[in-house]
**Student:** 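Below: one structure in structure tokens.
One is the number of the first residue; the rest follow in order along the sequence. Heavy atoms only: backbone and side chains are in, while hydrogens, waters and symmetry mates are out.
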Amino acid sequence: MKTPLFKKSLLQTFLPPLLFLCIFIIIIFLLFYLFKSPNRHTSLPSLQKIEKTYPYNLNNGELPIPKGFFDSKISGTLNYNHAIKIAQEKYNQGNYQDSLIWTYRAEKISPKKQDTWILYAKNIYKMGYKKQAIAILQYYKQNLQ
């Protein structure tokens with residue numbers, strides 16, 4: 001049996017695959033860094049910040065749809081008086097989001113009633129949307145009274 005003239009050392013045997021693996025890892029890291037989302041390492045905004053960014057601005061003279069409103073059929077006979085009464089009760093309990101939804105329902109049943117627009121504005125005012133509440137009341141006064 002012939003002995004090889006040149007014996008490969010361990011370093012010579014494992015160096016090419018090791019270099020390939022290192023280069024591969026570096027390329028993957030660079031690609032990940034280049035294509036990652038810009039907000040990857042930022043913390044998620046708090047629920048309070050998300051709520052403050054929800055717009056309650058008038059849309060073509062109509063009250064904005066409240067967050068959490070689902071246009072669903074309600075069994076029984078729901079009329080304006082029932083809806084506004086429920087909205088007022090929710091408002092008195094301090095549950096402004098639910099009151100806002102019931103106020104919106106009342107407005108859809110009987111549009112352009114003063115009670116509805118005032119209660120809607122009071123709800124969003126209590127929720128921290130003061131400018132939008134004032135704008136809604138001003139619009140009502142100028143265009144619907």
**Student:** Treat each ILVMFWY residue as a node, draw an edge where side-chain heavy atoms are under 4.5 Å apart, and state whether M127 and I118 are in one component.
**Tutor:**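 No, M127 and I118 fall in different hydrophobic clusters.
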**Student:** Search all heavy atoms of Y140 against all heavy atoms of K112 and return the closest pair with its distance.
**Tutor:**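 It is OH-O, 3.7 Å.
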**Student:** I27 and side chain to side chain contact (heavy atoms under 4.5 Å, CB included): which partner among L30, L31, I25?
**Tutor:**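 Of the listed options, the one satisfying the test is L31.
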**Student:** Tell me if the OH atom of Y125 is crowded by more than 12 foreign heavy atoms within 6.0 Å.
**Tutor:**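 Open.
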**Student:** Is there a side-chain contact between K126 and K122, using heavy atoms and a 4.5 Å cut-off?
**Tutor:**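 They are not in contact (no side-chain heavy atoms under 4.5 Å apart), so the answer is no.
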**Student:** Identify the heavy atoms of A87 and L119 that sit nearest to each other, and give their distance.
**Tutor:**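 Smallest interatomic distance, heavy atoms only, reads CB-CD2, 3.7 Å.
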**Student:** Which value, rounded to the nearest 0.5 Å, describes the distance between I28 atom CD1 and I23 atom CD1?
**Tutor:**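 Going from CD1 on I28 over to CD1 on I23, the span is 13.0 Å.
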**Student:** I need the single residue from I136, D115, L137 that forms a side chain to side chain contact (heavy atoms under 4.5 Å, CB included) with Y120. Which is it?
**Tutor:**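 When side chain to side chain contact (heavy atoms under 4.5 Å, CB included) is applied between Y120 and each of I136, D115, L137, only I136 qualifies.
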**Student:** In terms of hydrophobic clustering (I, L, V, M, F, W, Y; side-chain heavy atoms under 4.5 Å; direct or indirect links), are I84 and I86 co-clustered?
**Tutor:**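 Yes, because I84 and I86 connect within a single hydrophobic cluster, where side-chain heavy atoms sit under 4.5 Å apart.
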**Student:** Among W117, Y80, W102, which residue satisfies the side chain to side chain contact (heavy atoms under 4.5 Å, CB included) criterion with E107?
**Tutor:**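 When W117, Y80, W102 are each tested with E107, the side chain to side chain contact (heavy atoms under 4.5 Å, CB included) holds only for W117.
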**Student:** Before giving the answer on side-chain contact (heavy atoms from CB on, under 4.5 Å), spell out for I101 and R105 the whole-Å C-alpha distance, their side-chain angles and the decisive distance to 0.1 Å.
**Tutor:** CA-CA 6 Å; I101 290 170; R105 282 191 176 124; 3.8 Å; yes
**Student:** Counting only N and O atoms by type, is there a donor-acceptor contact under 3.5 Å from the side chain of S99 to the main-chain atoms of Q88?
**Tutor:**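 Not a single qualifying donor-acceptor pair exists.
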